[in-house]
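Remember, predicted model here, so these are calculated numbers, not experimental data.
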Amino acid sequence: MNHDLINLSQTPYVTTPPEVYFLNHTSSNYCSILIDRISLSGIFHAEQNYTKLKENHWRQIKELDGRPLIFELDRVNENGEFQQIATLIRGKYKANNWRVDTSNHIKTEKEKKYISNILALFDKPHVTRLDIAIDFINSEHAGMNHKIFKPSTTTTIRYNRAGQIETIYCGNRKSDIQYRYYDKKIEFEKQHKEKVPININNWERLELQLRNKKAVDNWKKETLKMLDYFKRPNLTTIEETDPKSFYMLTGIIKHPEYFNDLAKGTKAKYRKLIKNNRGFDVSLSDKARKVLISKADSIQQELDSFFISASNNKTKTDQTPNKDAQSATKINYIEYDGFNIDYQCKTLQDILRRYTGKPYIITFNLKALIKAQLENGLTLYDFESAINYLIKQGKTISIKDLASNLPDYLSKINSN
């Protein structure tokens, strides 16, 4: 992430936290890749868990003959208005099939917990839809100038009243895989009835929608595949050297509906030219590919985090965890980078639950203590070592004591 892009604007523009809460893009060609929407389904008994739903701030908004159909999780804004975070919807055909939908505009760990606590009560929860959003902000080639060239796939283009491209759909909305490319700046301003910050000159989004387990499990591979098809026509680069291909590709791009009328050999020839990027610019795709590779692990962890409570719920049959087995398990933690404090705190909560079997709440003040130790160069591995040490000493663990005295505990560990 470009650290120089953060500090001017303090307006939260939710796409997916934490990277784009504070859009602040004074330089060009910024790219961000995030989970934009996720749907999770499973067997759930709402009537028996009504108290749990209330405890986690889900409110019933629809019923039929006394049977709950839809619950909603909201936050209340400064005007006292409800803002939807997630919905819980009963299936149409099977009474105990339920689905949690969230656009992942989750601002706090508490909001995430309200969702995962309910998913912990699901039998066999699984992802039934996943949307990956790739945002291009202040791109030098903005203007919906890119195309999606996916063979044997229906492409639909939606225009605005001025005749300009607003959205490109590649594939059917209800198919297992669909691509969308649209002007996010226009969409945002329509939806929110307000302008984006003046330092956002343009904002376009390439979006991948996955709707089955196999596709979701392979989300990284499918995202890379989508980027292979995403390119900007730049045919002037071949106009002089290959005029025939220049005119043919110009016609194919302007009138893709006639492509299938070409002879089989001709179609194969120009598909190969497009695949090999002859006359096409792929710099934006290349940039997004690098961002994806660097962020893939954190995106997967975010995806897995929806199931953390469910996983913990299943392991509670033994209320006294096996500390030695846990300490022997090596888990790779992402190091503190100055921005991912929410991840650090959430992972610390998971470590504590794994070792103690108890939930821990991290308040604003506790987060500041943890952050101070991380800024001093300590890591989640150090916290885990101290937790393991305290458990072996038979000590009760508090986060305040742990964060305040972490260097002392590490010194005692090293002295032994």
Side-chain angles (χ1 to χ4, degrees), residues 1-6 15-16 19-20 23-36 130-151 153 155 165 167-171 177-185 200-210 215 218-239 241-242 245-246 249-250 252-253 256 270-300 302 337 339:
M1 183 177 177
N2 295 348
H3 294 185
D4 62 317
L5 300 182
I6 305 197
T15 300
T16 302
E19 282 85 352
V20 290
L23 291 178
N24 192 22
H25 309 292
T26 53
S27 63
S28 62
N29 296 324
Y30 177 84
C31 177
S32 177
I33 303 181
L34 311 147
I35 296 174
D36 183 59
L130 177 67
D131 290 5
I132 301 292
I134 304 178
D135 286 329
F136 302 106
I137 299 174
N138 290 356
S139 170
E140 60 182 312
H141 296 300
M144 295 298 294
N145 291 317
H146 283 69
K147 308 293 180 186
I148 303 172
F149 296 94
K150 186 178 182 183
T153 304
T155 298
I165 295 175
T167 306
I168 296 175
Y169 301 93
C170 186
I177 299 173
Q178 187 194 45
Y179 306 153
R180 291 185 290 271
Y181 170 47
Y182 60 98
D183 192 318
K184 179 64 180 177
K185 182 173 180 284
I200 299 178
N201 300 316
N202 54 72
W203 182 0
E204 294 176 355
R205 171 172 290 182
L206 178 64
E207 198 165 81
L208 170 66
Q209 177 184 294
L210 304 170
N218 291 286
W219 67 266
K220 180 181 175 182
K221 179 181 177 182
E222 294 296 341
T223 307
L224 288 169
K225 192 183 296 184
M226 175 178 67
L227 289 171
D228 287 340
Y229 301 133
F230 184 69
K231 51 196 75 180
R232 181 179 67 87
N234 189 21
L235 300 181
T236 54
T237 58
I238 63 169
E239 186 174 7
T241 58
D242 190 356
S245 294
F246 168 79
L249 287 170
T250 299
I252 290 168
I253 291 166
Y270 289 102
R271 276 183 179 145
K272 185 176 180 180
L273 287 179
I274 294 170
K275 182 179 179 180
N276 292 335
N277 303 320
R278 183 165 171 77
F280 293 88
D281 170 32
V282 293
S283 56
L284 218 54
S285 293
D286 287 343
K287 184 178 184 69
R289 199 174 284 107
K290 290 178 183 178
V291 174
L292 173 62
I293 291 169
S294 69
K295 289 200 59 181
D297 288 344
S298 61
I299 292 173
Q300 185 62 53
E302 183 181 356
D337 62 5
F339 297 92

>> So which atom in Glu222 and which in Tyr179 form the shortest heavy-atom distance, rounded to 0.1 Å?
In response: O-OH, 4.5 Å
>> Strictly distance-based, threshold 3.5 Å: is any side-chain N or O of Asn145 a donor or acceptor partner for the main-chain N or O of Ala142?
In response: yes
>> Show the nearest heavy-atom pair for residues Glu207 and Asp131, with the distance to one decimal.
In response: OE1-OD2, 4.3 Å
> Taking side chain as C-beta onward, heavy atoms only, is Tyr30 less than 4.5 Å from Asn138?
Replying inline: no
>> Treating Ser285 as the side-chain partner and Ser283 as the backbone partner, does any N or O pair qualify as donor plus acceptor under 3.5 Å?
In response: no
> What are the two closest heavy atoms between Lys185 and Ile200, and how far apart are they?
Replying inline: CE-O, 3.7 Å
> Should the heavy atoms of other residues, nucleotides or ligands under 6.0 Å from CG of Asp297 be counted, would the total exceed 12?
Replying inline: no
> Are side-chain heavy atoms of Arg232 and Leu284 found at a separation under 4.5 Å?
Replying inline: no
> Are any side-chain N or O atoms of Asn202 and backbone N or O atoms of Ser139, one a donor and one an acceptor, separated by less than 3.5 Å?
Replying inline: yes
>> For Met144, is there any backbone N or O sitting under 3.5 Å from a side-chain donor or acceptor partner on Glu204?
In response: yes
> Counting distance only, does the side-chain N/O of Lys295 pair as donor-acceptor with the main-chain N or O of Ile33 below 3.5 Å?
Replying inline: yes
> For Phe136, what residues pass the ring-ring contact (aromatic ring centres under 6.0 Å, His included) criterion, not counting sequence neighbours?
Replying inline: Phe230
> Can you check whether Asn234's main-chain N or O pairs, donor with acceptor, with Thr237's side chain at less than 3.5 Å?
Replying inline: yes
>> Is there a salt bridge (charged side-chain N to carboxylate O under 4.0 Å, His left out) between Asp286 and Arg289? Walk through the geometry before answering.
In response: CA-CA 5 Å; Asp286 287 343; Arg289 199 174 284 107; 2.8 Å; yes
>> Do Ile132 and Ile35 have side chains that approach each other closer than 4.5 Å (heavy atoms only, starting at C-beta)?
In response: yes
> Can Lys287 and Asn29 be counted as having a side-chain donor-acceptor contact under 3.5 angstrom?
Replying inline: no
> With Lys150, which residues qualify under salt bridge (Lys or Arg N to Asp or Glu O under 4.0 Å), at least two apart?
Replying inline: none
